[in-house]
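Start at 1 and go down the list; that is how both ligands and their atoms are numbered.
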Amino acid sequence: MNEVRIIGTGSYVPTNRMTNDDLSQIVDTHDEWITSRTGIKERRISTGENTSDLARNAALQAIESAGITPEDIDLIIVNTITPDAFMPSTACMIQGAIGAHRAVCFDVSAACTGFIYGINIATQFLRTGQHQTALIIGAEVLSKVVDWNDRNTCVLFGDGAGASVLQGGSQKGILSIYVGSDGTKQELLQCPAVPVQNTYIPARANFSNAMTMNGNEVFKFAGRIIMESIEKVLQNTGYTLEDVAHIIPHQANVRIIEYAARKLGISPKRFYMNLDRYGNTSAASIPLALDEMVRENRIQDGDKVILVGFGGGLTWGAVLIEWNQNKK
Ligand code: UT7
């Protein structure tokens with residue numbers, strides 16, 4: 001079996017910034033509420049770019065940082081709940097756009113846990129040698145599905161994309177993966193597609209495909225599952241939290257992260273956070289934060305890093321990585 005490691009990262013966000021003050025012009029909200037309840041100060045909102053546009057830009061950066069060419073990639077997985085289309089997959093769109101002619105391409109739907117699921121799937125292929133070099137992307141234009149009249153949700157989300165290149169070989173990287181799902185709690189976070197309507201069934205009046213969320217229940221689930229996922233991903237690895245240099249959580253709410261840190265008995269400072277600048281970008285949030293840390297030289301070869309996510313489905317998961325991007 002091969003080892004699997006991340007050899008490059010990239011990210012991209014729309015240039016348009018929407019501040020909390022901007023939002024207060026649209027719905028009944030204010031900066032003090034959003035900042036104190038969530039930690040979010042601003043988010044990027046697309047003025048026209050779709051999910052595949054953000055994904056392509058993040059992908060090209062990851063490919064450059066990996067020092068490979070698109071022809072080297074033989075697997076592309078895009079994790080998104082806001083694809084441009086039902087068909088083709090966003091992954092096929094990226095393949096066409098970047099010229100990764102050899103790749104097998106598909107999308108994964110696991111909401112905010114998407115990037116963790118994508119790493120999990122790619123790692124299996126790379127370990128067995130069925131594929132050698134995988135491009136994993138988390139990309140969302142959530143502003144397409146946000147209800148801009150609902151202050152409970154519209155203040156939370158933003159648009160963005162992050163990407164990583166994974167490769168199979170002899171250098172260690174992905175040490176452990178833990179993932180889970182619970183479809184009995186699907187109603188807590190929902191974003192409907194098109195309803196059944198055809199020649200027998202007339203179009204439903206008042207149908208909306210906007211995202212809905214039971215914020216309080218998701219909050220409780222999130223705090224607990226971050227703690228559990230971190231404990232599970234470390235189990236039987238020989239490592240403890242003491243050995244971990246960085247934890248990169250899904251960027252949903254600073255209070256969720258503070259709660260999980262308290263439960264784990266560690267400082268919230270050990271969790272990397274950029275949600276003040278981007279809000280919750282669902283599948284993009286973890287790879288976006290990872291790329292930011294890599295570009296700011298916050299992660300050194302040999303560091304143990306945990307990625308941990310949770311989201312609609314419900315879904316959750318964590319990955320323990322030994323960072324060895326630069327090892328030859
Ligand atoms: O990727 C995973 C997806 N989602 C999440 O992770 C979100 C998890 N949940 C949360 O982060 C929090 O539950 C929220 C940020 C969504 C809400 O925070 P909260 O502290 O649980 O507030 P709440 O829903 O209990 O609402 C408290 C009050 C309510 O007013 P009343 O009933 O006490 O008068 C809300 O109507 O705050 C009001 N409120 C707002 N006020 C100003 C709700 N949204 C807003 C708003 N601005 N944007």
Side-chain angles (χ1 to χ4, degrees), residues 18-43 45 79-82 108-117 138-143 145-160 162 179-182 185-191 210-229 248-262 268 271 273-276 278-289 307-318:
M18 182 187 269
T19 64
N20 293 346
D21 287 338
D22 294 335
L23 264 167
S24 68
Q25 309 295 313
I26 302 173
V27 283
D28 179 16
T29 190
H30 47 92
D31 177 50
E32 197 281 323
W33 192 96
I34 304 173
T35 304
S36 62
R37 300 285 181 131
T38 71
I40 299 165
K41 299 292 288 181
E42 61 178 40
R43 68 288 292 142
I45 300 295
N79 310 280
T80 185
I81 51 165
T82 51
V108 167
S109 171
C112 310
T113 322
F115 191 70
I116 306 283
Y117 272 48
E140 306 284 9
V141 176
L142 293 167
S143 58
V145 296
V146 155
D147 178 352
W148 289 98
N149 297 309
D150 177 10
R151 68 176 185 175
N152 292 293
T153 50
C154 75
V155 303
L156 303 174
F157 299 102
D159 302 333
V179 280
S181 320
D182 180 2
K185 304 269 170 44
Q186 57 184 283
E187 76 288 349
L188 295 185
L189 267 160
Q190 286 183 319
C191 186
M211 194 190 318
T212 57
M213 178 179 72
N214 181 333
N216 294 318
E217 285 305 312
V218 175
F219 190 102
K220 283 187 243 165
F221 155 72
R224 173 179 61 78
I225 211 70
I226 289 179
M227 180 188 73
E228 271 180 37
S229 299
I248 306 179
H250 169 48
Q251 310 282 315
N253 186 325
V254 67
R255 290 191 296 133
I256 291 174
I257 294 166
E258 284 168 355
Y259 174 87
R262 217 168 32 246
F271 289 79
M273 283 186 253
N274 63 7
L275 59 87
D276 55 322
Y278 302 120
N280 180 344
T281 57
S282 191
S285 90
I286 293 173
L288 182 55
L307 314 181
V308 58
F310 58 89
L314 298 172
T315 57
W316 59 89

Inset, instruction - Run the salt-bridge test on E217 and K220 with the 4.0 Å N-O cut-off and return the result as yes or no. - result: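 Result for this pair is yes, salt bridge flagged.
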Inset, instruction - Determine, for D159 against R43, whether the closest basic-nitrogen to carboxylate-oxygen distance falls under 4.0 angstrom. - result: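 A salt bridge is absent here (no side-chain N lies under 4.0 Å from a carboxylate O).
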For [X], which part has a heavy atom under 4.0 Å from ligand 1: side chain, backbone, both, or neither?
X    : answer
T29  : both
N216 : both
N280 : side chain

Inset, instruction - Measure the distances from the heavy atoms of I256 to every atom of ligand 1 and state whether one is below 4.0 angstrom. - result: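 Yes, that is the case, since the closest heavy atom of the residue is under 4.0 Å from the ligand.
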Legend entry - side chain to side chain contact (heavy atoms under 4.5 Å, CB included) between I226 and F271, worked out: CA-CA 11 Å; I226 289 179; F271 289 79; 4.1 Å; yes
Legend entry - atom 14 (C) of ligand 1 touched by protein (heavy atom, under 4.0 Å):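 No.
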Inset, instruction - Identify, by atom number and element, the atoms of ligand 1 in contact range of T38, meaning under 4.0 Å from any of its heavy atoms. - result: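 Result: 15 (C).
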Inset, instruction - With side chain to side chain contact (heavy atoms under 4.5 Å, CB included) as the test, would you mind laying out the steps for F219 and N214 before giving the verdict? - result: CA-CA 9 Å; F219 190 102; N214 181 333; over 6 Å; no
Legend entry - Option whose closest heavy atom lies nearest to atom 36 (O) of ligand 1, chosen from M213, M211, R255, R151: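 Nearest option to atom 36 (O) of ligand 1, by heavy atoms: R151.
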Inset, instruction - From atom 17 (C) of ligand 1, work out which of W33, F157, F219 has a heavy atom at the shortest distance. - result: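 That would be W33.
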Inset, instruction - May I ask you to check if ligand 1 and L156 share an N or O to N or O distance below 3.5 Å? - result: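 Among all N and O atoms of L156, none is under 3.5 Å from an N or O of ligand 1.
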Inset, instruction - Using only heavy-atom distances, determine whether the side chains of S285 and H250 contain a donor-acceptor pair under 3.5 Å. - result: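 Judged by distance alone, the side chains do pair up.
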Legend entry - Check: E140/T80 side-chain N/O donor and acceptor closer than 3.5 Å: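 There is such a pair between these side chains.
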Legend entry - Taking atom 27 (C) of ligand 1 as the reference point, the nearest protein heavy atom with its distance: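 Of every protein heavy atom, R37 NH1, 3.6 Å lies nearest to atom 27 (C) of ligand 1.
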Legend entry - Any residue meeting side-chain hydrogen bond (donor to acceptor under 3.5 Å, both in side chains) with T281, in chain and number order, not counting sequence neighbours: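 Scan of T281 (side-chain hydrogen bond (donor to acceptor under 3.5 Å, both in side chains), adjacent residues dropped) gives none.
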